[in-house]
Amino acid sequence: MTPLEKLTRPNIWSLAPYSSARNEYAGKTARVFLDANENPYNSPLNRYPDPLQEELKQAISNQKGVPAENIFLGNGSDEAIDLPYRCFCQPGKDNVVAIEPTYGMYKVCADINDTEYRPVLLDEQFQFTAEKLLAACDEHTKIIWLCSPNNPTGNNLNREEMVKVIEQFEGIVIVDEAYSDFSRQKPLRHELSQHPNLIVLNTMSKAWGCAAIRLGMAFASKEIIGLFNKVKYPYNVNLLTQQKALEILKDKFEVEKWVSILLQERGRLMEAFRMLPVCKIVYPSDANFFLAKMTDAQRIYDYLVDEGIIVRNRSRIQLCQNCLRITIGTRSENSELLGALRRFR
Ligand SMILES: *Cc1c(COP(=O)(O)O)cnc(C)c1O
């Protein structure tokens, strides 16, 4: 790996971060807080939240099997997707490489940060090779984006090829594992200690059922986490989010139950789709959604909207012609979708 100092934008490497009132006293016990111009009334909302979310990181560490010092928490994965650009990519000069098709936020954040985005098309099985991805890189490539299970295709990427990319690329490799709770593939977050250039993303928005609270995470070396902490807004995860996340983390059996029901429903729904006259291909899925090639995706999408059922029309995306992306809902929601599709003429 290229030394982190060389990968990092010089202004970020030398940045003196904002030092908050709460940063400065950290570690000691105090009773009277007259340091942050807060209002003494309206507890607990009057106080600024923990800028480094120590208690929450400990709970996530226990749950995810990643040391707390290797965890960054952000305002959704969105923040953890944007920060690497701000830390590593010199606007107008550096570039990133990504599989295509994949999650749209990687490109949006590249555009916002004036960073060239180089998509590398997956094959017909929605798989990739390290060789083809690395061939798209040059000396200005700072980041390679992988997503496994991938969105919108639903499948796991080939793990050996991912490891090859991580080992052979000199820059940063980011693997978005937003859907790994639905997959049987071993998550890469357990191999951080072997890969100093690896960043793994997770989120509370999917299996954990907490899209509303906006909590995303990045797992990486302490050095990379240190850079993110320097660049992030000081209080990027609010108190209500920290409290709600701690609550849900205490009830992991509930989450396991949701995942198991959703996987069972995924099997049922995919099987039923295979029998639908309007469905031509059901692609394999390792996530809580699947991609289906239809006879006429746009007409079927419009019909479903009229029926009050919203799915995602992905037909204008490369390799996804005439494809709808179907999120697994409750049993009765899934049955409603099937009923509507059986009535479609
Ligand atoms: C849904 C999704 C996320 C979640 O983003 P949040 O900002 O955490 O809600 C991240 N990555 C991928 C690939 C997704 O599909």
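Counting starts at 1 for both ligands and their atoms, following the listed order.
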Are Phe182 and Phe289, when compared by the centres of their aromatic rings, separated by less than 6.0 Å? no
No-hydrogen, no-angle side-chain donor-acceptor test under 3.5 Å, Thr115 and Asp94: no
Single-linkage hydrophobic cluster, 4.5 Å side-chain cutoff, Phe72 and Ile199 together: yes
By chain and number, the residues contacting ligand 1 below 4.0 angstrom (heavy atoms only) are Gly76, Ser77, Asp78, Tyr103, Tyr106, Cys147, Asn151, Asp176, Ala178, Tyr179, Thr203, Ser205, Lys206, Arg214
Looking at the rings of Tyr283 and Phe290, which for Trp means the six-membered one, are their centres under 6.0 Å apart? no
Before you tell me yes or no, could you show the steps for Tyr106 and Asp176 under side-chain hydrogen bond (donor to acceptor under 3.5 Å, both in side chains), namely the whole-Å CA-CA distance, both residues' side-chain angles and the distance that decides it to 0.1 Å? CA-CA 10 Å; Tyr106 315 143; Asp176 189 340; 2.7 Å; yes
Distance alone, cut at 3.5 Å: any donor-acceptor contact between the side chains of Asn155 and Thr153? yes
